[in-house]
Amino acid sequence: MPELPEVETIANGVNQRLSGDRIIDAWFSSYPQPFKTPRARQAKGLSGRTILSVHRTGKHIVCELGPPESSNASAAAASLKSAAQWIVHLGMTGRLLVTTPDDPIAPHTHARLSLASGRELRFVDPRRFGRLEFRELHRTPAFDAPGSEPLTIAENEFAALFRGRKLAIKAALLNQSLLAGVGNIYADESLFHARIRPRRAAGRLSRAELERLRQALLRVLQQAIRLGGSSVSDYVDANGVRGFFQLEHCVYLRTGEPCRLCGTPIRRILLAGRGTHFCPTCQK
DNA sequence: CATTTCACCTGGTGGC
DNA sequence: TGCCACCAGGTGAAAT
């Protein structure tokens, strides 16, 4: 489900609705997969903290949390307590939803945070590829995604990412330690708009092609954010609202359908283990 | 080190 | 209606 535009939409929605609210209690499912931090430590760490703000880094949602406020803590213990972060990665099918306590519990709900306002923040993830992590900032450094942000990267820095690399440009776009946040949809769509074939070796693209790609990626991501992301099957934001960028897709999941520019049927190949869609006429 | 492949999961779809 | 193969927004460990 979630690449940069979807994650940005969800993070913004949660930020607007939950900033200033306080976590009273946390419940986690018994499946171990989603928990990068053991769930007992996560539940204990989250309780009593105020949600200061929520933002996106790469494909991660980062909740900035204040120090815990508990009624029976001594002044000395409180002074040692520090700010913290709750980091949510949605994997393929993860959702973060703001609900009321009496909303029905969706199947595959793995986390429920009850809030001082009476609402709940829920994490739902059927395939369990998502990950939840808790960091106390006096013990662990603040979260930082390894790759560059595609929305702000400069021309020179972008070109340098791919220099000397033999792998396919599509595979390079998906590598999160190069660019953070690009996934299968926006890799295919940006390569189409840049008129570059996904199998081309990343290090063999000309300077002009790389700049076309950077600008295409930027425009595609910005427009997708404006439209609330792509809802391919069941993606919804924190308010349960679908995105509309799937209506703008030119190649992704359009195998056999005519290219919007030239009418040639869109082709699908397997690259880096992912379905890869392109126009054999428009992309060179 | 760079690159490729595969395992991790459930659910939806379409063919027979 | 059922069964089966295949496909799906991602990543990180293991193999090459």
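Just so it is clear: chains get the letters A, B, ... in the order the sequence lines come, proteins before strands, and each one is counted from 1.
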Atom-pair distance (CE on A/Met92; C1' on B/dA7), nearest Å: 13 Å
Side chain to side chain, A/Ile61 and A/Arg56, heavy atoms closer than 4.5 Å: no
Rounded distance in Å - CG (A/Leu270) to P (C/dC6): 12 Å
Atom-to-atom span, CZ of A/Arg199 to C1' of B/dT4 - whole angstrom: 14 Å
Aromatic plane relationship, A/Tyr252 with A/His277 - under 30° parallel, 30 to 60° tilted, over 60° perpendicular: perpendicular
Touch class at under 4.0 angstrom, heavy-atom based, for A/Arg131 against every strand present: nothing
Spacing of A/Leu174 atom CG relative to B/dT5 atom C1', expressed in whole Å: 15 Å
Candidate nucleotides C/dA8, B/dC9, B/dT3, ranked by approach to the side chain of A/Tyr252 - the nearest: C/dA8
Distance below 4.0 Å between A/His108 side-chain N/O and B/dC9 OP1 or OP2: no
Centroid distance under 5.5 Å and plane angle under 30°, A/Phe129 vs C/dT11: no
B/dA2 phosphate, OP1 or OP2, under 4.0 Å from A/Lys166 side-chain N/O: no
G-U wobble or Watson-Crick pairing nucleotide for B/dC9 (cut-off 3.5 Å, both distances): none
A/Leu179 CG to C/dT11 C1', straight-line distance once rounded to whole Å: 16 Å
Linked, directly or transitively: A/Phe123 and A/Leu18 (ILVMFWY side chains, under 4.5 Å): yes
Any donor-acceptor N/O pair under 3.5 Å between C/dA8 base and A/Arg127 side chain: yes
Sugar-phosphate, base or nothing in reach of A/Gly273, heavy atoms under 4.0 Å: nothing
Sugar-phosphate only, base, or nothing, as touched by A/Ser177 at under 4.0 Å among non-hydrogen atoms: nothing
A/Thr109 side chain to A/Arg122 side chain, donor-acceptor N/O pair below 3.5 angstrom: no
Rounded P spacing from B/dG11 to C/dG12 in Å: 23 Å
Side-chain donor/acceptor contact of A/Arg128 with base of B/dC9 under 3.5 Å: no
Any A/Gln176 side-chain nitrogen or oxygen under 4.0 Å from OP1 or OP2 of C/dT11: yes
Shortest side-chain distance from A/Arg165, nucleotide among B/dA2, B/dG11, C/dT11: B/dA2
Parallel, tilted or perpendicular: rings of A/His110 and A/His108 (30°, 60°): tilted
Spacing of A/Lys59 atom NZ relative to C/dT11 atom C1', expressed in whole Å: 8 Å
Side chain proximity check, A/Pro280 to A/Thr264, heavy atoms < 4.5 angstrom: yes
Interatomic distance, A/Leu253 CG vs C/dC7 C1' [rounded to whole Å]: 9 Å
Under 4.0 angstrom between A/Gln33 side-chain N/O and B/dC9 OP1 or OP2: yes
Sugar-phosphate only, base, or nothing, as touched by A/Tyr186 at under 4.0 Å among non-hydrogen atoms: nothing
Nearest-nucleotide pick for A/Pro2, side chain only, options being C/dG10, C/dA8, B/dT4: C/dG10
Length of the CG-P vector between A/Asp188 and C/dG10, whole Å: 10 Å
